[in-house]
Amino acid sequence: MARHFSAFEIKQLETNPNILRVSERSITYHPEFKKVAVQTYLSGGTPTRIFIDHGFDLAIIGKEQPGRSLRRWRKTYEKYGEVGLENDFRGRGATGRPSDTARSAAEKLKRAEARIKYLEAENGIPKKARNTRKAGEASETRLKPSEVYELIEQLHRKHPLKNMVSHLCKLSGVSRSGYYAWLKGEAGRQMRMENDDKDAALIEKIFDAEKGKVGALQIKLFLENDYGIIMNHKKIRRLMKKYHLTATIRQAKPYRHMLKATKAHSTCKNLLGRAFNQNEPGKVYLTDITYIYYGNGQKAYLSCVKDSTTKEIITHVVSRSLKMDIVYRTLKQLNETVELFHPEAMIHSDQGVHYTHLEFQNRVKQLGLRQSMSRRGNCWDNAPMESFFGHFKDMVDHKACPSFEALKHAVGNYINKYNNERYQWGLKRMTPVQYRGHLLAA
């Protein structure tokens with residue numbers, strides 16, 4: 001397969017005195033080098049060593065190129081001698097010399113070909129790269145200067161006409177000095193591209209491990225905590241955009257009304273007032289219930305209690321039923337999990353029918369907890385709990401669970417991972433469990 005040399009590789013090859021000229025697809029070697037190469041080869045030298053000794057980078061020209069070239073030159077040498085090596089016979093007749101007819105045609109078409117190349121070079125620049133918009137015309141998206149420079153370089157390589165760079169730069173509305181500065185910076189760009197590839201590979205590894213459901217800030221935390229790498233979140237966003245790593249983010253749900261309390265139920269005041277961060281673990285507990293589907297469209301319910309400060313899920317209950325027992329079990333597990341409640345501890349919920357029930361309120365009082373409720377129809381008053389349920393449904397493929405037991409296992413695994421492995425920006429880049437330990441130590 002033919003190689004295509006980049007502009008940077010062409011520049012590197014042109015510095016070798018054993019090369020006469022280079023195009024995107026071919027190299028024309030100096031006749032003296034071909035003579036020396038053939039003589040060395042006939043004396044027992046290997047093609048690879050001959051090319052390396054004469055300053056060729058095999059990573060650019062290809063490992064197979066020395067062998068192919070020496071085979072072709074040796075056949076030419078055996079047939080025509082050193083005179084044959086002084087001319088490039090590829091694409092010519094059997095004698096290795098162009099016919100008089102061909103030479104005559106070339107002379108007649110010389111001017112026409114030059115004119116065609118000139119016009120092709122001009123037409124090779126798209127309209128949006130030209131500086132030809134008249135006053136009053138609507139502006140259109142123009143190419144970036146670097147894109148124009150690359151286009152000019154390609155045209156210049158394709159149509160090697162003299163004094164064309166200045167004309168093409170003027171036609172495109174870019175500076176000639178900027179073009180040559182861009183050429184000199186090719187090595188730096190190549191190095192940045194290689195570094196981007198390495199960084200993007202690590203970012204993609206984290207992205208795939210989290211099933212494509214992490215953004216730049218979350219990836220930054222994984223890099224710092226799991227790999228010891230400090231990387232700016234703006235760079236992570238740039239690389240994610242460049243390598244098409246788009247996080248699957250849940251869409252904002254429309255406003256939903258809370259369940260209305262009946263006359264047999266009583267509501268409580270909103271004691272929390274959205275002051276979720278108390279700087280003390282165990283001072284405010286948030287609770288709520290959400291539904292989750294599994295198996296063949298079966299429905300289950302998840303009740304959780306969350307520490308509003310550390311964002312840790314203290315306890316959870318998965319149930320097939322939405323009866324009052326689900327919240328009673330939740331309170332019982334909370335009491336068993338917390339050894340000693342904070343003197344000012346409260347439990348905050350929405351005005352759902354479970355939490356306005358008198359029996360639930362009595363059990364809360366028996367635990368020594370104060371009870372707080374969101375304002376009616378205002379889900380923002382319990383936003384951290386709603387947020388957890390949203391992330392949970394994004395990360396857990398609960399619909400794929402074939403049974404209720406499998407669902408309970410999946411829920412338990414995710415909550416354990418959330419508490420112990422999910423770094424969070426708002427927790428000083430720690431996991432909920434780490435942050436709880438940090439606050440207790442402080």
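Atoms considered below: every heavy atom in the structure, side chains included; atoms not considered: hydrogens, waters and symmetry mates.
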Could you check if a side-chain atom of [X] sits within less than 4.5 angstrom of a side-chain atom of [Y], using non-hydrogen atoms only?
X	Y	value
Ile415	Phe388	yes
Lys306	Thr287	no
Asn420	Pro432	no
His354	Met324	yes
Thr356	Met373	yes
Asn18	Phe56	yes
Gln12	Ile60	yes
Leu322	Tyr291	no

Please name all residues satisfying salt bridge (charged side-chain N to carboxylate O under 4.0 Å, His left out) with [X], sequence neighbours left out, ordered by chain then number.
X	value
Arg422	none
Arg189	Glu186
Lys408	none
Arg176	none

If the condition is side chain to side chain donor-acceptor pair (under 3.5 Å), which residues does [X] pass it with, not counting sequence neighbours?
X	answer
Lys235	Asp199
Arg429	Glu224
Thr48	none
Glu14	Arg157

Problem set entry | Worked verdict on Trp73 versus Tyr41 for side-chain contact (heavy atoms from CB on, under 4.5 Å) | CA-CA 10 Å; Trp73 298 342; Tyr41 178 70; over 6 Å; no
Exercise. Should Lys283 and Glu344 count as an ion pair when the cut-off is N to O under 4.0 Å?
Worked result: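 So Lys283 pairs with Glu344 through a salt bridge.
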Which side-chain N or O atoms in residues 272-281 pair as donor and acceptor under 3.5 Å with protein atoms at least two apart or in another chain?
| unit_1 | atom_1 | unit_2 | atom_2 | d |
| --- | --- | --- | --- | --- |
| Arg274 | NE | Asp381 | OD1 | 2.7 |
| Arg274 | NH2 | Asn378 | OD1 | 3.3 |
| Arg274 | NH2 | Asp381 | OD1 | 3.3 |
| Asn277 | OD1 | Asn279 | N | 3.2 |
| Gln278 | NE2 | Ala275 | O | 2.6 |
| Glu280 | OE1 | His342 | NE2 | 2.9 |

Exercise. Is the Phe392 to Tyr418 ring centre distance short of 6.0 Å?
Worked result: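 That pair fails the under 6.0 Å test.
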Exercise. Under 3.5 Å, is there a donor-acceptor pair between the Gln65 and Arg68 side chains?
Worked result: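 Judged by distance alone, the side chains do pair up.
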Nearest heavy-atom neighbours spanning [X] and [Y]:
X	Y	value
Leu407	Tyr294	CD2-CD2, 3.6 Å
Asn270	Ser374	ND2-CA, 4.3 Å
Ile10	Phe5	CG1-CB, 3.7 Å
Gln190	Ser6	NE2-OG, 4.3 Å
Ala300	Val318	CB-CG1, 4.5 Å
Pro384	Leu286	CB-CD1, 3.7 Å

Exercise. Is it true that a side-chain atom of Asn16 and a backbone atom of Gly55 form a donor plus acceptor pair closer than 3.5 Å?
Worked result: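 Yes: the side chain of Asn16 pairs with the backbone of Gly55.
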For this session: Would you confirm whether Gln218, through its side chain, and Gly215, through its main-chain N or O, come within 3.5 Å as a donor-acceptor pair?
Result: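 No, the answer is negative, given that no donor and acceptor are paired below the 3.5 Å cut-off.
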Problem set entry | ring-ring contact (aromatic ring centres under 6.0 Å, His included) contacts in which one or both residues fall within residues 208-242, not counting sequence neighbours |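 Sorted result for residues 208-242: Phe222-Tyr423.
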Throw together a table of side-chain donor-acceptor distances under 3.5 angstrom for residues 325-335, partners on residues two or more places apart or in other chains.
| unit_1 | atom_1 | unit_2 | atom_2 | d |
| --- | --- | --- | --- | --- |
| Thr330 | OG1 | Ser303 | OG | 2.8 |
| Thr330 | OG1 | Ile326 | O | 2.7 |
| Gln333 | OE1 | Thr315 | OG1 | 2.6 |

Exercise. Does the pair Ile203 and Ile236 meet the rule for a side-chain contact (heavy atoms from CB on, under 4.5 Å), with working shown?
Worked result: CA-CA 8 Å; Ile203 291 173; Ile236 297 174; 4.1 Å; yes
Exercise. Under the 6.0 Å and 45° cation-pi test, does Arg320 pair with Phe404?
Worked result: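 That pair qualifies as a cation-pi contact.
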Problem set entry | Evaluation steps, side-chain contact (heavy atoms from CB on, under 4.5 Å), between Lys220 and Leu223 | CA-CA 5 Å; Lys220 176 178 174 63; Leu223 288 172; 5.5 Å; no
Exercise. Would Met430 and Gln424 satisfy side-chain contact (heavy atoms from CB on, under 4.5 Å), going step by step from the backbone distance to the final call?
Worked result: CA-CA 6 Å; Met430 303 179 190; Gln424 300 192 36; over 6 Å; no
What pairs of donor and acceptor atoms, side-chain ones from residues 191-198 against any protein atom, are under 3.5 angstrom apart with sequence neighbours left out?
| unit_1 | atom_1 | unit_2 | atom_2 | d |
| --- | --- | --- | --- | --- |
| Asn195 | ND2 | Met191 | O | 3.3 |
| Asp196 | OD1 | Arg238 | NH2 | 3.4 |
| Asp196 | OD2 | Arg238 | NH1 | 3.1 |
| Asp196 | OD2 | Lys242 | NZ | 3.3 |
| Asp197 | OD1 | Tyr243 | OH | 2.4 |

Problem set entry | His409, NE2 atom: more than 12 neighbouring heavy atoms under 6.0 Å |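 12 or below, so no.
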Exercise. Step by step, would you call His398 with Tyr293 a ring-ring contact (aromatic ring centres under 6.0 Å, His included)?
Worked result: CA-CA 6 Å; His398 49 87; Tyr293 289 97; 7.5 Å; no
